[in-house]
Number of protein chains: 2
Amino acid sequence: MINTPIVHSGEACTKSIAAIRDTLYVLSGKWKLPIIIALKSGPSRFKDLQRQLQDITPKILSKELKELELNEFVTRTVYATSPVTVEYNLTKYSETLNKVIIEMSDWGLQHRKRMMNNSRKEKKSISLQ
Amino acid sequence: MINTPIVHSGEACTKSIAAIRDTLYVLSGKWKLPIIIALKSGPSRFKDLQRQLQDITPKILSKELKELELNEFVTRTVYATSPVTVEYNLTKYSETLNKVIIEMSDWGLQHRKRMMNNSRKEKKSISLQ
DNA sequence: TTTGTTGCTATACAAAAGGATACTGGTATC
DNA sequence: GATACCAGTATCCTTTTGTATAGCAACAAA
């Protein structure tokens with residue numbers, strides 16, 4: 001019961017929350033991580049990315065790429081071909097996200113498996129997309 | 001240049017994107033991870049959480065807690081005191097998120113440091129919250 | 001000359017997320 | 001009796017995110 005109210009140290013916890021908030025802020029939205037992962041297999045052009053991430057509209061893709069550029073995860077290079085060729089590439093700094101990406105990816109995989117088991121056992125569960 | 005267009009294996013990449021999407025879906029929003037971290041220091045009551053996560057409105061907190069319950073990250077226990085006491089607690093399953101949380105927290109810390117350096121050097125950069 | 005491609009931008013709109021504020025029922029305290 | 005606490009709900013509003021659709025400039029191919 002709660003006759004002994006828990007006193008939080010607070011400190012570490014608050015710092016951790018602030019740090020997570022920063023990360024969430026930079027990676028915010030549905031598309032930033034998917035774009036980064038798509039670029040992992042090599043530089044891509046605008047249309048390539050649109051095709052790979054099906055369902056993303058050019059407006060959003062453009063916006064997300066700009067933010068990724070500002071955060072120095074992605075570079076944008078224009079070649080004077082015709083029609084113009086624009087190549088997007090990952091930066092060295094984007095590699096610092098690798099561990100985050102791996103953990104999120106692993107977790108997603110195991111969670112999906114778990115959900116499948118749960119639904120076979122007919123337990124209530126939130127559905128995936 | 002792009003005379004040799006890169007052919008993506010696609011496979012692994014697509015799977016990874018799907019897995020990340022699942023993770024983003026389950027952890028979606030501004031508050032789920034902060035709530036989980038807040039609960040790491042022990043069970044909390046509704047008001048406690050509101051105080052710890054300052055600025056969260058009861059409506060949002062209530063909604064997020066329900067989703068966390070559905071996803072089996074959190075349990076809700078009601079004690080028949082008066083006024084009623086409701087305690088929120090982390091489940092065993094929530095611990096599977098630990099690695100994700102650690103990596104995101106670490107990344108956020110280093111990123112903030114980097115941003116501070118960048119702004120001292122007066123390079124343009126996206127601001128943190 | 002028409003059609004197509006690329007890399008976007010512009011406009012309008014819809015949906016989702018989040019916030020502000022007020023309130024409720026039950027009980028305890030002043 | 002008035003006020004306050006708890007655990008939320010209810011209502012309304014703003015902001016963010018995302019979609020749909022159209023268009024443009026510069027070519028290139030048919």
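Note on naming: letters A, B, ... go to the chains in the order of the sequence lines (proteins, then strands), and numbering restarts at 1 for each one. No hydrogens, no waters, no symmetry mates; every other heavy atom, side chains included, goes into these values.
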- prompt: If you check every side-chain atom of B:K59, which of C:dC8, D:dC12, D:dG18 has the closest atom?
  reply: D:dC12
Nearest-neighbour nucleotide for the B:S82 side chain, C:dT27, D:dG18, C:dG7 considered: C:dT27
Return the value, rounded to whole Å, for the distance between atom [atom1] of [X] and atom [atom2] of [N].
X: B:L24; N: D:dT17; atom1: CG; atom2: P; result: 14 Å
X: B:Q54; N: C:dG18; atom1: CD; atom2: P; result: 17 Å
X: B:K63; N: D:dT11; atom1: NZ; atom2: P; result: 18 Å
X: A:K32; N: D:dT17; atom1: NZ; atom2: C1'; result: 10 Å
X: B:E87; N: D:dG8; atom1: CD; atom2: C1'; result: 17 Å
X: B:K47; N: D:dG8; atom1: NZ; atom2: C1'; result: 9 Å
X: A:E64; N: C:dG7; atom1: CD; atom2: P; result: 18 Å
X: B:I60; N: D:dT14; atom1: CD1; atom2: P; result: 16 Å

message: Looking at A:E64 and A:K32, is there a salt bridge between them, counting it only when a charged N and a carboxylate O are closer than 4.0 Å?
response: yes
Does a side-chain N or O of [X] approach OP1 or OP2 of [N] to a distance below 4.0 Å, or not?
X: B:K30; N: C:dA17; value: no
X: A:S62; N: C:dG7; value: no
X: A:K66; N: C:dT9; value: yes
X: B:R45; N: D:dC6; value: no
X: B:R76; N: D:dG8; value: yes

- prompt: With sugar-phosphate meaning primed atoms plus P, OP1 and OP2, does B:Q50 contact a base, only sugar-phosphate, or nothing at under 4.0 Å between heavy atoms?
  reply: nothing
message: Less than 3.5 Å apart, any donor N or O on the side chain of A:K40 or A:N98 sitting next to an acceptor on the other?
response: yes
message: Between A:P58 and A:W31, which residue's closest nucleotide on DNA chain D lies nearer the 5′ terminus?
response: A:W31
query: Closest nucleotide of DNA chain D for A:I56 versus for A:P83: which of these residues is on the 5' side?
result: A:I56
- request: Please round to the nearest 0.5 Å and tell me the distance separating atom OG1 of A:T96 and atom CD of B:Q110.
  value: 5.0 Å
task: Assign the ring pair B:W107 / A:Y93 to parallel, tilted or perpendicular, where the plane angle (0 to 90°) is split at 30° and 60°.
output: tilted
- request: Assign each of B:D55 and A:Y88 to its nearest nucleotide of DNA chain C by heavy atoms, then name whichever residue's nucleotide is nearer the 5' end.
  value: A:Y88
- prompt: Less than 4.5 Å apart, any side-chain heavy atom of B:K63 and any of B:K59?
  reply: no
